[in-house]
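Just below is one structure, and these are the notes that go with it.
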Amino acid sequence: MKAAQARALTLGATVAWAIPVGLAGYLAVRGIDGHGWSQFAGFLPELLTPGVCVVAGWLVVRRVPTSPTGPALAWTGGCVSLALALDVFTLTGLYDAAPGERSIAAAAPGLWTLDLLGLLVLLLVFPDGLRQGRVWRMVVPVYAVATLLLVVALWGTRKAGERLEGGPTSGPRVVLLGIGLALVAACLVAAVLSLVLRYRSGDEVLRLRVRWLMLAGAGIVALLAAGWVLAIGFDTSMDLAYGPALIGIVILVPTAVAVAIIHYDLFDVDRLLSQSAAWTVTVVASAVVFGLVVLGVSEVFSRSSGLDLTAAAFVTALVLLPLHRHVSTAVARLVDRDRFVALAEVERFAADVRAGRRAPEEVEAVLRDAHADPGLRLFLAEGEGWVDLSGNTCKEPDGVTLTFGGDAIARIWSAKDSARARRRLAELARAAAVPVEVCRLRLGLLAGRARLIEATVAERRRLERDLHDGAQQRLIATGMRLRRLQGGLDAARSAEVDVAVAELEGTVAELRALAHGVRPSRLDDGLVPALQAMRASTPIPMDLDVGPLPDLDEVQLLSAYLVVTEAVTNSLKHARATHVGVRVADRNGRLCVEVSDDGIGDAPVVTALTALRDRVESVGGTVTISSPSGGGTTVEAVL
Amino acid sequence: MRVVVGEDSMLFREGLVRLLADAGHEVVAAVGDAASMEERVANLRPDLVIADIRMPPELESDGARAAARIRDTSPEVGILLLSQHIELRDCLNMVGTPGFGYLLKDRVLQLAEFDDALRRVADGGSAIDPEIIRSLVTARQSSALEVLSPREVEVLALVAEGHSNASIARRLFLSERTVMAHMRSVFTKLGLVEDGATHRRVLAVVTFLGAQPDTPTARAPIDHPGCARSSGRTGVPGP
């Protein structure tokens with residue numbers, strides 16, 4: 001639709017709405033032929049309300065000038081206004097005033113279909129124009145034909161209060177009336193069908209837009225149900241009972257349509273829809289329960305008393321909450337299936353993590369699956385920066401932030417970037433908050449321990465260097481000085497110097513042994529020479545079996561060495577072993593160290609070698625200890 | 001003997017220079033980093049270079065690497081590496097080859113022994129620290145060395161350290177003839193070929209003991225860069 005066309009149509013609707021309002025206002029102020037202020041002024045609110053449609057129509061036209069929804073929306077109000085104006089004409093007898101008006105009044109009872117014309121067109125074109133196909137183009141002409149049939153059938157009928165007088169009683173006019181009503185119903189069904197088909201074949205945005213309209217529909221049904229309860233339960237007047245529903249139609253529909261076109265991402269419509277639908281069903285079901293109890297109690301006691309209402313109120317209150325809970329679940333599953341399934345998956349995962357059935361580290365995979373985005377990335381807050389699940393540092397990522405106890409603990413990035421997708425993701429993230437926080441804490445613990453170990457390793461290295469390059473050097477230099485002095489001394493003093501130098505040599509050897517304990521300098525030659533040196537100093541036979549090894553960093557090197565030292569020491573001290581075997585191999589890029597002995601076994605598997613276990617696990621490795629009684633002990637560490 | 005000293009600790013360097021001077025050696029250069037050491041050796045052609053293993057610029061085994069390069073460019077220069085601890089990286093394939101020595105720094109304090117080692121290395125012999133030999137011997141003791149008597153093991157260790165028969169005899173309070181008898185016995189038991197030249201038997205023994213970690217079971221001298229070069233060395237007087 002062209003923008004100018006849309007504007008002209010909307011302007012027409014505005015005029016159609018404004019003329020009756022202006023007229024009624026004019027008449028209310030001036031009064032005419034004994035019809036006073038009160039009579040016309042009473043119509044004003046009803047005439048003004050469709051203005052909401054017109055305003056909403058203009059809003060849509062402004063924002064989306066080529067959409068047919070704007071004019072259709074405006075005409076939804078315009079048509080209601082025109083129909084009302086006809087009512088005003090007939091009810092106040094104004095048509096008596098001018099001769100030309102008589103035929104309009106005669107036709108008026110059949111023209112009630114005008115009320116729904118705007119809505120019909122709106123349903124047909126919302127949100128992006130008439131559907132392809134002859135059937136849909138035929139709906140409005142058929143509706144016109146039906147209106148014509150109704151006008152003929154009801155010609156000359158007069159409304160008196162809420163009843164029709166002088167309507168058709170027999171003959172062809174009844175047949176015409178029947179056909180006309182059937183056609184009107186068919187057109188309405190077709191319009192709704194058009195919307196349903198559109199929803200089913202539409203894309204994500206279109207569905208969202210249609211959902212807004214569905215939301216308004218659910219609201220209207222809820223209001224009608226509430227009105228029904230008021231009417232049968234409390235004998236409220238029809239106007240009070242159903243008035244809100246009617247006003248709701250004129251206000252809720254245009255608001256929903258305008259939002260759907262202009263800002264379909266405004267709120268979480270899925271959730272609103274699901275919840276309002278759930279409440280609608282709950283209200284209707286409660287009303288049924290209420291009615292049944294009232295009926296049952298008054299049957300049993302065969303008289304009307306306060307008892308039936310009290311009992312009904314009591315029973316309804318009793319069933320309301322459980323009913324609503326079940327209905328919510330059922331409706332959510334039905335109306336908003338995607339969200340329900342995704343959320344249920346994440347919640348099940350969180351429950352599994354709590355029960356210890358699954359590892360919290362799977363959370364990223366679960367979120368990817370639930371959000372249907374295999375590219376989704378989970379980043380955890382670590383100190384001032386961000387890390388991924390493997391602990392690698394990342395620069396500040398974009399995405400949905402997850403907070404836990406007021407602190408941002410994670411950020412989730414997804415390629416799905418619409419406001420709705422982000423909202424959905426935030427909801428999923430909240431459901432997964434506990435596993436995410438557990439991941440973060442575990443990672444933080446590991447990182448902290450790894451930093452500590454790294455610092456310890458660096459410190460050991462520094463200490464070893466200091467001992468070698470500092471103290472040892474000075475002692476030897478002092479020794480050299482003594483040796484030079486020795487040249488000029490007599491035999492007795494020279495012997496003294498020999499003793500002093502021997503002392504120095506002993507001290508240097510001690511320092512060397514000390515530095516070796518801190519960090520064996522043979523590690524500079526690699527793990528294998530260091531282990532060979534260890535074998536040389538081990539009092540029992542030690543088999544050393546070394547395969548090709550991956551490249552090792554300082555931490556791995558020292559860790560592997562200390563694992564062997566500690567395990568071998570353990571074999572010597574506690575296991576009464578006579579032989580020990582050390583095997584070092586590359587296992588899929590990881591370093592595998594295995595120390596086995598032929599000792600008495602029976603090592604306390606959980607508590608044994610705690611320091612060793614801590615050391616290995618803090619650098620991301622694993623330790624397995626097997627020690628059957630009498631069967632020797634095997635310690636296996638994978639780094 | 002003309003000596004170049006490479007040692008980054010000033011205290012130790014000065015002490016060493018004085019001790020060498022006292023012993024009658026001529027220290028032609030004393031420097032504190034590996035690069036200047038290489039350069040001085042190339043220019044001054046000394047009989048011996050004494051190098052600390054850890055030296056600037058990287059404070060890793062720069063000294064050992066520089067020594068390996070000197071061995072390539074000036075094979076006639078004897079090399080003695082000094083270290084605070086045993087660290088064979090970057091010099092492993094020189095261990096046992098003629099004209100190479102490796103001692104812990106505190107050996108300097110035993111003046112006579114140290115001087116003996118200097119002369120051996122400068123003369124194309126070998127001087128390997130007893131600490132290294134002990135660890136090699138202990139490592140092999142459980143298997144291959146079982147066939148030897150304790151005395152034979154002692155002789156073997158001293159051979160590996162680079163001592164001559166005379167020196168071994170003096171240390172063990174044996175006659176030189178007895179030492180030679182032990183030697184023959186050791187070589188026969190281990191299946192090594194004895195050809196009389198001290199520098200070659202050192203290499204044979206060291207290789208047998210498995211200084212090279214990747215080939216702990218190698219029985220005969222294997223692919224050993226030092227071997228090929230040793231035959232190319234000229235002007236090396238026999239011990």
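In what follows, chains carry the letters A, B, and so on, assigned in the order in which the sequence lines appear, proteins first and then strands, with residues in each chain numbered from 1.
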(Q) Using the ring centroid of each side chain, check whether A:His516 and B:His85 are separated by less than 6.0 Å. (A) no
(Q) A quick test of your reading: do over 12 heavy atoms of other residues, nucleotides or ligands sit less than 6.0 Å from CZ of A:Arg493? (A) no
Q. So how far is it from B:Leu109 CG to A:Arg483 CZ, rounded to the nearest 0.5 Å?
A. 6.5 Å
Q) For A:Glu554, what residues pass the side chain to side chain donor-acceptor pair (under 3.5 Å) criterion, not counting sequence neighbours? A) A:Arg461, A:Arg519
Q | Salt bridge flag under 4.0 Å for residues A:Arg512 and B:Asp106 | A | yes
Q.
I need the residue from B:Glu131, B:Gln110, B:Arg107 with the largest number of non-hydrogen atom pairs under 4.5 Å to chain A.
A. B:Gln110
**Q.** A:Arg583 atom CZ, over 12 foreign heavy atoms within 6.0 Å
**A.** no
**Q.** Basic-acidic side-chain contact under 4.0 Å: A:Glu464, B:Arg54
**A.** yes
Q.
Give the interface residues of residues 4-14 of chain B toward chain A, defined by a heavy-atom separation under 4.5 Å.
A. B:Glu7, B:Ser9, B:Leu11, B:Phe12
Donor-acceptor pairs are to be reported for all side-chain atoms of residues 473-481 of chain A against protein atoms at under 3.5 Å, with residues two or more places apart or in another chain.
from, atom 1, to, atom 2, distance (Å)
A:Gln473, OE1, B:Gln84, NE2, 3.1
A:Gln473, OE1, B:Lys105, NZ, 3.0
A:Thr478, OG1, A:Arg474, O, 2.7

Q) So with a 6.0 Å cut-off around CG of A:Asn588, is the heavy-atom count from everything else above 12? A) no
Q. If contact means a heavy atom pair closer than 4.5 Å, which residues of residues 496-505 of chain A contact chain B?
A. A:Val501, A:Glu505
